Amino acid sequence: MSWFKRTASPLTPTVDLEARRAEREALVSAIARRMALDRSLDLPALSDRVADALRAIPRELFTPPGVAARAYRDEVLPLAAGQTLSQPSLVTLMTELLRLQPGDRVLEIGVGSGYQTALLAHLGVTVFGLEVIADLAQAAERRLAALGLKGVTVRVGDGHAGWPEAAPFDAILAACAAPTVPPALVAQLRPGGCLLLPVGPAQGPQQLCLVEKGLDSAVRERPLLAVAFVPMVDR
């Protein structure tokens, strides 16, 4: 694949981070402009930390070869098994909304190709990733290993029950829509943590919702904007 330099061992490829660097930089600039306009909706601006992660992670590595040429367009791209890779501006917004700090523990539901996972890991958090489709989970693990990212554990599973043995989490992020907020996920948040997920029917209107658990464990749910995600499915 064009993303890898020639190496002595095919088991430990080295990602060519210089390939398409200019396209990544242009995408970062476009996202920064878009997020500046969205400030009127009380949404966050692009931070330096997340911008650096966008520059460091080659999105083309996380797309099927047939659509790799479109990796730096701000659009949804198809993945295997009817799944999708969200547009970079929405991935960035969701990352910013979590307000992550190095060392935080994050549950990611719907790893997909692993792009969001890579951004989170680059921010220095510990990621526990759930992906219901085994082939996607395995391919994501290979991509993350090729980038040398640490602090990521991926396993096959759906998101409704979360990952109770790894809880509590500082943040939970879902890239698939649930009809309602799963109580198990709220229970797995530490006090002061937040859960970000699309809520709504599979074929109907969905809202990206931010669920915050106060230090007193009181829960507040706030819809942010209309979105369209694949549904959270059972294994």
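This structure is a prediction, so every number in the text was calculated from the model and none was measured.
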Taking transitive links into account, so neighbours of neighbours count too, which hydrophobic residues share a cluster with Val76 at under 4.5 Å side-chain distance?
none
Euclidean distance, Thr117 OG1 relative to Leu149 CG, rounded to 0.5 Å:
9.5 Å
Between Asp74 (side chain) and Ser89 (backbone), is there a donor-acceptor pair under 3.5 Å?
yes
Report yes if some heavy atom in the side chain of Gln116 is under 4.5 Å from a heavy atom in the side chain of Leu120; otherwise report no.
yes
Keeping the roles fixed (side chain from Arg33, backbone from Val28), state whether a donor-acceptor pair exists under 3.5 Å.
no
Any sub-3.5 Å donor-acceptor pair from Lys213's side-chain atoms to Leu189's backbone N or O?
yes
Are side-chain heavy atoms of Glu23 and Arg73 found at a separation under 4.5 Å?
no
Expected output: side-chain Arg143 to main-chain Ser113 donor-acceptor under 3.5 Å:
yes
Rounding to 0.5 Å, atoms CD1 (Ile109) and CG (Asp158) come to a distance of 8.5 Å
According to a 4.5 Å side-chain heavy-atom criterion applied to Ile, Leu, Val, Met, Phe, Trp and Tyr, with indirect links allowed, do Ile172 and Val106 form part of one hydrophobic cluster?
no
Are any of the side-chain heavy atoms of Ser47 and Asp52 separated by less than 4.5 Å?
no
Are Gln207 and Leu224 side-chain neighbours, meaning at least one heavy-atom pair lies under 4.5 Å?
no
Rounded at 0.5 Å granularity, tell me how far CZ in Arg59 sits from CG in Leu27.
7.5 Å
Could you go through Ile31 and Leu54, starting from their C-alpha distance and side-chain angles, then the distance that decides it, and tell me whether this counts as side-chain contact (heavy atoms from CB on, under 4.5 Å)?
CA-CA 10 Å; Ile31 291 173; Leu54 289 168; 4.1 Å; yes
Within 6.0 Å of CD in Glu165, more than 12 heavy atoms from elsewhere:
yes
Quick check on Arg34: does its CZ atom have over 12 non-hydrogen neighbours (other residues, nucleotides or ligands) under 6.0 Å away?
no
How about CG on Asp216, more than 12 heavy atoms from neighbouring residues, nucleotides or ligands closer than 6.0 Å, or not?
yes
Atom of Glu96, atom of Met35 and distance for their closest heavy-atom approach:
CG-CE, 3.9 Å
Do Leu147 and Pro58 have side-chain heavy atoms sitting under 4.5 Å apart?
yes
Checking side-chain contact (heavy atoms from CB on, under 4.5 Å) for the pair Val91/Leu93: CA distance, chi angles, key distance, verdict?
CA-CA 6 Å; Val91 171; Leu93 174 62; over 6 Å; no
Are Val227 and Leu210 joined in one hydrophobic group, where the rule is that I, L, V, M, F, W and Y side chains link up if heavy atoms are under 4.5 Å apart?
yes
Could you measure the distance from the OG1 atom of Thr153 to the CD atom of Glu141? Nearest 0.5 Å is fine.
8.5 Å
Looking at Glu221 and Pro223, what are the two nearest heavy atoms and their distance?
O-CD, 4.1 Å
Is there side-chain contact between Leu97 and Pro44, with at least one heavy-atom pair below 4.5 Å?
yes
Distance-minimising heavy-atom pair for Gly110 and Ala175
O-CB, 3.8 Å
Side-chain heavy atoms nearer than 4.5 Å, only ILVMFWY residues, links allowed to pass through others: does that put Leu173 and Leu185 together?
no
For a quick test of reading the model, state the closest non-hydrogen atom pair linking Cys176 to Pro198 and the distance between them.
O-CD, 3.4 Å
Among the clusters formed by ILVMFWY side chains lying less than 4.5 Å apart, do Leu144 and Leu79 turn up in the same one?
yes
Donor-acceptor pair, Ser29 side chain versus Glu25 backbone, under 3.5 Å?
yes
Less than 4.5 Å apart, any side-chain heavy atom of Arg70 and any of Glu75?
yes
Any chain of hydrophobic side-chain contacts (each under 4.5 Å) joining Leu98 to Leu46?
yes
When you measure from the centre of the six-membered ring of Tyr72, is the NZ or CZ of Arg20 under 6.0 Å away and within 45° of the axis?
no
Would you say Val199 and Gln206 make side-chain contact, with heavy atoms under 4.5 Å?
no
If you compare all heavy atoms of Thr63 against all heavy atoms of Ala71, which two are closest, and at what distance to 0.1 Å?
CG2-CB, 4.3 Å
The reported gap from CD in Glu212 to SG in Cys194 (rounded to nearest 0.5 angstrom) is 6.5 Å
To the closest 0.5 Å, what do you measure between OG (Ser86) and CZ (Phe229)?
4.0 Å
At their closest point, which heavy atom of Ala177 faces which heavy atom of Gly200, and how far apart are they?
CB-O, 4.1 Å
Determine yes or no for a side-chain-to-main-chain donor-acceptor pair under 3.5 angstrom, with Asp170 supplying the side chain and Arg105 the backbone.
yes
Leu119 and Val50: CA distance, side-chain angles, deciding distance, side-chain contact (heavy atoms from CB on, under 4.5 Å) verdict:
CA-CA 8 Å; Leu119 294 175; Val50 175; over 6 Å; no
Treating Arg190 as the side-chain partner and Phe169 as the backbone partner, does any N or O pair qualify as donor plus acceptor under 3.5 Å?
no
Please lay out, stage by stage, how Asp42 and Arg222 fare under the test side-chain contact (heavy atoms from CB on, under 4.5 Å).
CA-CA 12 Å; Asp42 195 28; Arg222 179 162 57 103; 4.2 Å; yes
Cut-off 3.5 Å, no hydrogens considered: what does the side-chain donor-acceptor table look like for residues 122-138, sequence neighbours left out?
unit_1 : atom_1 : unit_2 : atom_2 : d
Glu131 : OE1    : Val111 : N      : 3.2
Glu131 : OE1    : Gly112 : N      : 2.7
Glu131 : OE2    : Ile133 : N      : 3.0

